[in-house]
Amino acid sequence: MMHIPPLSRGIHPLGTFDPIQPYSPHAGNPYRNRDKHTPNPPAGKNAPWSRQAKQAATGAAAWLQAAMDAEAAFRLVTSPATSAWEQPVVQTSDPDSVTGSASYEAAARLISVQAEQLAVGQMNKGYTLPRDGSSIVEPGLHTLLLSAGGQSVEASVMISPSDTNAHALAKIRSVILSADIGLTAEVEADKQERTVRLEITGTLTGEGERFSIADHIGSAAASSGIQNVAREAGNARFRIDGSPPVDAPSNTVSLYGGTVRLTFHQVTEEAVHVRIGPDLKAVAEQLEAAILKLSALAAVFDRYAGYLHDSLPGRLEAAVFTTEAAQLGISKNENGHAVLNTGLLMKLAEVSPELVRFQMRDVTGWAENVQKLLQQFRELPVVELLDPNAPALSGYTLYRPGREVHWQLPTYGLVVNDLS
């Protein structure tokens, strides 16, 4: 009786010549060369089988990578945390006069704002003095008592006999600034008249925000005149949509439960239009970036047509080129790839913001449907991405009645080399 050695399952390293290789369950059969269970690879007319197989593997890898890139781009569009539609901004018709910011909770709205007066801090102005004349402040040590914002500090300055008025005022300015008590100081110079004057302004605005400067030792305040109030601190006054005027102690005001902040930079003669909502330019740019990823995915199929399954572009087109997509400004270019008309999208968002938001953010909207298809592409087994009639694979393909494809290869044993 002939002795047949026991069958054993061998573990063999993946070959380096063929990117796509069948894993044979009979690899351990010592008689496998006499009774092959897989056909010989077909030889291509212009290229060896291994080169065609490499093209098929490269095409599958490129399709998977492009699908993942496109899915990531669409996830940015649809996710509440990253969607430009969910990041409201404040845009004004006169940004030199009014600017603002909004929290993510801010509701979209269009308002008009008019700033009738700005909030200001108290201002003290000293005497106008000859720039090059001998200091009106007597030589010696002088100490100022500065009071502002509920604080009081002393600031000392030494005036020299050789100091001019310009030198003396510059020294006083320096010690006031060094006190860091919420006061600014500037020496106002008139070059034509050759005069100087010291101005002190409080950084805190609004009625009641007063400061004082007094002499504690010497006469620097009295001699320079900086204890004299030239302007009291005052409130800002503004109107929203023509309503009665509202006063505020600051030029930055909080509206709508703190979700919107406006800052007034100058008085406005006319009402300034303020739009609160998504940055439509950012919305268009984000969607355009995702559309470009779809075009890149379609380009992969164009490059590897004949290796990738011919159903892939049809499934992609069915999800992308819909009536809803056309409303958003999405159409085909000369290559049959998706392209976005950003101007049309932005105009639609201004007229029908809820429609655009639904298609880009709702779980049943256009963008979400495209993302779901891209996820399906990413999760497809590699074998289902490949065309069974491709020259590199046709030798492994059989057809059941009705032309249904039946792979002789077990799908779990199809390995794609270098898919990284």
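- Here the shortest heavy-atom pairing between Ile213 and Ala221 reads CG2-CB, 4.1 Å.
- In terms of the side-chain contact (heavy atoms from CB on, under 4.5 Å) criterion, residue partners of Arg131 (sequence neighbours excluded) are, by chain and number, Ala166, Arg194, Val196.
- Rounded to the nearest 0.5 Å, atoms CG (Asp190) and OG1 (Thr195) are 4.5 Å apart.
- For the side chain to side chain donor-acceptor pair (under 3.5 Å) condition, the pairs that include at least one residue of residues 339-359, sequence neighbours left out, are Glu86-Arg357.
- Taking all atoms of both residues into account, the shortest heavy-atom contact from Val260 to Ala106 is CG2-CB, 4.1 Å.
- Tested against Thr252 for a side-chain hydrogen bond (donor to acceptor under 3.5 Å, both in side chains), the candidates Thr263, Thr99, Thr205 yield a single pass: Thr263.
- Using a 4.5 Å cut-off on side-chain heavy atoms (C-beta onward), Lys281 and Met346 make contact.
- Expressed to the nearest 0.5 Å, how far OG of Ser311 lies from CG of Leu385 amounts to 9.0 Å.
- More than 12 heavy atoms of other residues, nucleotides or ligands lie within 6.0 Å of NZ in Lys171, so this atom counts as buried by the packing criterion.
- Residue-environment remark: CD (Glu379) exceeds the threshold of 12 foreign heavy atoms within 6.0 Å.
- Closest of all the heavy-atom pairs between Ala119 and Pro249 is CB-O, 3.6 Å.
- Taken to the nearest 0.5 Å, the OG1 atom of Thr78 stands 11.0 Å off from the CG atom of Asp362.
- A cation-pi arrangement is present between Lys332 and Phe321 under the rule of less than 6.0 angstrom and at most 45 degrees off the ring axis.
- Checking each of Asp310, Leu316, Leu308 against Leu312 for a side-chain contact (heavy atoms from CB on, under 4.5 Å) leaves exactly one that passes, namely Leu308.
- Classification of the Phe377-Trp63 ring pair by plane angle, with boundaries at 30° and 60°, yields perpendicular.
- No more than 12 heavy atoms of other residues, nucleotides or ligands sit less than 6.0 Å from atom CZ of Arg261.
- With a 6.0 Å radius and a threshold of 12 heavy atoms from other residues, nucleotides or ligands, Arg303 has its CZ atom at or below the threshold.
- Under the side-chain contact (heavy atoms from CB on, under 4.5 Å) rule, Leu287 has a single partner from Leu76, Leu292, Val356, Leu345, which is Leu345.
- Under the side-chain contact (heavy atoms from CB on, under 4.5 Å) criterion, Asn335 pairs with Asn333, His337, not counting sequence neighbours.
- Between Glu324 atom CD and Phe358 atom CZ the span is 8.5 Å, to the nearest 0.5 Å.
- The existence of a salt bridge linking Glu368 and Lys372 is excluded, since no basic side-chain nitrogen approaches an acidic carboxylate oxygen closer than 4.0 Å.
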